[in-house]
Asks: 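Quick one: this structure, given as structure tokens, is what I'll be asking you about.
Side chains included, hydrogens not; waters and symmetry mates left out as well; all remaining heavy atoms used. The shown structure was predicted, so the numbers you read here are calculated from the model rather than taken from an experiment. Below, chain A is the first sequence line, B the second, and so on; all start at residue 1.
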Amino acid sequence: MQCPFYVHKSLVKLFNLPEEKVRVIQTETGGGFGGKEEYPSMIAGHAALLAWKSGKPVKIVYDRAEDMVATTKRHPSRTRHRTGVTKDGKLLAMEIDFAIDGGAYCTLSPVVLSRGTIHAAGPYFCPHIRIKSRAVATNTPPHGAFRGFGAPQSIFALERHLDKVAKAIGLTPEEFRRRNFIRAGETTATNQVINENVDLNSLLDRAFLLSDYYQKQQRFVRDNPGRSVKKGMGFASFMHGAGFTGSGEVYLQSLVGAEATAEGHVRILSASTEIGQGTNTIFSQIAAEALGVDYDLIEITQPDTSNVPNSGPTVASRTCMIVGKLVESAVLGLRQTLFGSGLLTENYTQAEFKEACGKYIEQFGPLKSFSRYQPPPNVQWDDQKYQGEAYGAYAWAVYVAEVSVDTITYEARVDDFVAVQEVGRVINPVLASGQIEGGVAQAIGFTLFENVVWQNGRMANNQMTNYIIPTAADIPPIRVYFEENPYAFGPGGAKGIGELPMDGGAPAILNAIENATGVSFNQVPLMPEALLRGLAE
Amino acid sequence: VETEAQKIEVSFRVNGERRSLRTFPFERLLDVLREQLALTGTKEGCGEGECGACSVLLDGKIVNSCLVPVAQTDGADITTIEGLALDQSQLTDVQQAFIEFGGAQCGICTPGMILAATDLLARIPNPTEDEIRNGLAGNLCRCTGYLKIFEAVARACQKM
């Protein structure tokens with residue numbers, strides 16, 4: 001599960017029990033990607049009801065087919081754009097109509113819609129933006145969270161559309177974007193003034209240089225006419241807001257604890273789950289760095305609702321930036337207590353720190369410190385007007401895809417991929433590049449393979465035999481580069497990273513396919529059948 | 001209806017240890033390993049031979065244990081992920097490289113992936129990148145995007 005306290009809240013309601021009578025313990029499981037955001041509350045409810053009735057422990061296992069047919073998927077979407085530009089290629093007005101398919105019940109659709117809407121105008125400045133958004137009820141199982149949470153859907157449409165606008169006004173796609181990239185001091189559609197020192201032009205420069213964009217594009221233009229396999233280059237520029245949207249973090253009121261042991265170790269108490277993305281590693285690094293002690297001194301407490309405070313769900317690219325910041329301030333609070341007691345002074349050694357913890361506990365009892373979320377200064381959101389700081393910070397990126405399209409077999413493949421991003425300071429390079437590579441791979445699946453076939457409101461291809469995800473043979477080199485620009489309110493300068501890489505792949509790949517074939521495709525997944533139809537016209 | 005009388009006696013070696021058990025002949029090897037022998041390092045990903053999470057070595061060959069009826073394994077020699085390293089301080093080169101290069105995230109594909117990589121390197125000691133890709137194409141990973149796995153395998157064969 002990603003959210004022990006969501007499951008806890010559901011069980012408290014379901015059984016009408018006092019909070020302390022329900023205990024939820026998370027153990028390390030397979031990756032989340034949103035699939036373990038709200039749905040585990042359902043499975044937990046079923047298991048708990050059976051256990052209640054039978055008086056015995058109950059374990060529920062969904063096999064893959066049941067998992068695919070029953071659990072939530074990404075919201076299908078449809079986006080329409082109308083854009084006005086000045087003669088010199090400046091965005092003047094954007095009208096966006098964004099609709100997502102919520103399925104038969106309203107689960108996370110309002111918040112998926114909100115994130116999708118706020119990302120719909122992209123990392124550009126435009127003085128007049130009107131976005132009409134809605135989630136509609138249909139007769140499928142409810143759609144829910146999947147990495148990116150609405151943003152991949154709306155960014156896909158925008159970044160395809162901007163290539164078309166550029167073409168219509170006679171600018172290259174990159175020149176058109178350069179003229180409109182948002183800069184520090186400019187505002188977004190929700191009137192959020194960008195305070196970050198964002199430099200999308202330099203991300204674009206670097207991505208084009210590393211992908212050898214111009215040379216390759218020229219070569220492809222020259223070579224494509226004589227070949228059945230057409231090659232092309234495409235890119236997308238985009239951003240992803242970290243943490244809950246709008247006032248979400250304020251409502252969550254996340255709390256993190258740190259507790260010293262008599263041996264001088266520091267235990268982190270949080271509800272953030274380790275699901276392979278590296279929560280435990282990152283929190284240990286953040287705490288160790290803040291305290292100036294070895295990483296080995298930090299222990300992470302297993303998320304157990306009877307034992308850890310509610311630091312919110314493990315979602316929304318918030319674990320490192322939001323919860324990690326609370327980890328940092330909680331351990332600093334603990335150190336402050338030691339300073340205040342006179343048992344520790346500035347410029348301490350690790351041995352002195354450990355000794356001080358032991359002495360404090362001996363003299364005064366438990367040494368604990370808690371830190372609760374406070375929005376950074378000037379981060380305010382008006383729920384009624386839907387205006388203000390939608391996110392405390394954004395990650396910014398430019399992704400370039402090189403593709404080939406086989407005009408005999410109608411297969412499209414990604415031959416090379418360059419991912420340049422600014423996510424604040426990178427705390428752990430291996431984990432960070434692992435997030436980007438894995439996210440880009442999922443985006444390639446989203447773009448070219450992963451087709452949910454619906455029949456009478458039911459997923460027909462609920463098997464890994466016919467719902468195809470990328471294999472080792474389908475993944476190009478994914479070359480990952482970070483521009484580091486420390487974020488003042490993130491732990492050690494870090495921002496969110498997890499969802500960002502899901503956003504840019506689809507438009508970059510389809511822009512490249514248009515560059516290769518001259519045919520514009522506007523829907524993903526782009527299956528060979530659709531390529532055949534498009535190329536035949 | 002399955003009855004006790006339908007069970008058969010199956011004997012095999014698992015990770016070097018001789019084991020005998022009574023089981024229904026069409027039990028999946030995967031379930032026998034996990035439930036009867038408590039070797040839960042072998043994972044179920046799809047149950048239909050697509051994902052490779054349940055890979056084990058059967059008489060030295062990599063197989064999807066979800067597709068193997070246990071009756072076929074009488075007399076066989078089986079290696080699961082638990083049988084690769086003697087203990088945590090003696091990981092194999094492949095296991096060590098997975099840790100160093102970030103080849104594992106959530107860990108569900110990892111046991112099968114490591115066995116597939118071990119099998120690949122036993123067959124092709126110095127694989128090209130294409131050979132690594134194709135050698136691991138039967139093992140799906142949802143987290144890593146595979147690149148760090150390729151890197152780990154390439155590094156492991158340099159050490160071996």
Asks: How far apart are the closest heavy atoms of A:P476 and B:L147, and which atoms are they?
Replies: O-CD2, 3.7 Å
Asks: With a 4.5 angstrom heavy-atom cut-off, which part of B:C51 approaches chain A: side chain, backbone, both or neither?
Replies: side chain
Asks: Looking at every non-hydrogen atom in both residues, tell me the closest pair between A:A473 and B:A137 and how far apart they are.
Replies: CB-CB, 4.2 Å
Asks: Identify which part of B:F150 has an atom lying under 4.5 Å from any heavy atom of chain A, answering side chain, backbone, both or neither.
Replies: side chain
Asks: Which bit of A:V430 comes within less than 4.5 Å of chain B, counting heavy atoms only: side chain, backbone, both or neither?
Replies: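 Both parts, heavy atoms under 4.5 Å.
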Asks: Give every donor-acceptor pair under 3.5 Å between a side-chain atom in residues 66-78 of chain B and any protein atom, sequence neighbours left out.
Replies:
from: B:T73; atom 1: OG1; to: B:V70; atom 2: O; distance (Å): 2.6
from: B:D74; atom 1: OD1; to: B:S11; atom 2: N; distance (Å): 2.7

Asks: Applying ring-ring contact (aromatic ring centres under 6.0 Å, His included), can you list everything that pairs with A:F33, at least two apart in sequence or on another chain?
Replies: none
Asks: Contact part of A:I475 toward chain B, heavy-atom cut-off under 4.5 Å: side chain, backbone, both or neither?
Replies: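 Backbone plus side chain of A:I475, per the 4.5 Å heavy-atom cut-off to chain B.
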Asks: Using non-hydrogen atoms and a limit below 4.5 Å, what part of residues 12-22 of chain B faces chain A?
Replies: none
Asks: Put together the list of donor-acceptor pairs under 3.5 Å connecting chain B with chain A, please.
Replies:
from: B:G45; atom 1: O; to: A:R64; atom 2: NE; distance (Å): 2.7
from: B:G45; atom 1: O; to: A:R64; atom 2: NH2; distance (Å): 2.9
from: B:E48; atom 1: OE1; to: A:Q463; atom 2: NE2; distance (Å): 2.8
from: B:E48; atom 1: OE1; to: A:T465; atom 2: OG1; distance (Å): 3.0
from: B:E48; atom 1: OE2; to: A:M464; atom 2: N; distance (Å): 2.9
from: B:E48; atom 1: OE2; to: A:T465; atom 2: N; distance (Å): 3.3
from: B:E48; atom 1: OE2; to: A:T465; atom 2: OG1; distance (Å): 3.3
from: B:E50; atom 1: OE2; to: A:T465; atom 2: OG1; distance (Å): 3.2
from: B:Q105; atom 1: NE2; to: A:G434; atom 2: O; distance (Å): 3.2
from: B:R133; atom 1: NH1; to: A:A472; atom 2: O; distance (Å): 3.0
from: B:R133; atom 1: NH1; to: A:I475; atom 2: O; distance (Å): 2.3
from: B:R133; atom 1: NH2; to: A:I475; atom 2: O; distance (Å): 3.0
from: B:R142; atom 1: O; to: A:Q442; atom 2: NE2; distance (Å): 3.0
from: B:R142; atom 1: NH1; to: A:E450; atom 2: OE2; distance (Å): 2.7
from: B:R142; atom 1: NH2; to: A:E450; atom 2: OE1; distance (Å): 2.7
from: B:R142; atom 1: NH2; to: A:E450; atom 2: OE2; distance (Å): 3.4
from: B:Y146; atom 1: OH; to: A:P470; atom 2: O; distance (Å): 2.7
from: B:K148; atom 1: NZ; to: A:S433; atom 2: OG; distance (Å): 2.7
from: B:K148; atom 1: NZ; to: A:E437; atom 2: OE2; distance (Å): 3.3

Asks: Can you tell which of A:A65, A:G30, A:G278 has the highest number of heavy-atom pairs within less than 4.5 Å of chain B?
Replies: A:G30
Asks: Would you mind telling me which of B:G102, B:G107, B:A104, B:G45 has the largest number of heavy-atom pairs within less than 4.5 Å of chain A?
Replies: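 Of B:G102, B:G107, B:A104, B:G45, B:G45 has the most heavy-atom pairs under 4.5 Å with chain A.
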Asks: If you take all heavy atoms of B:G145 and A:A441, which pair is closest and at what distance?
Replies: CA-CB, 3.5 Å
Asks: Which one wins on heavy-atom pair count under 4.5 Å against chain A: B:L140, B:L136, B:I132?
Replies: B:L140
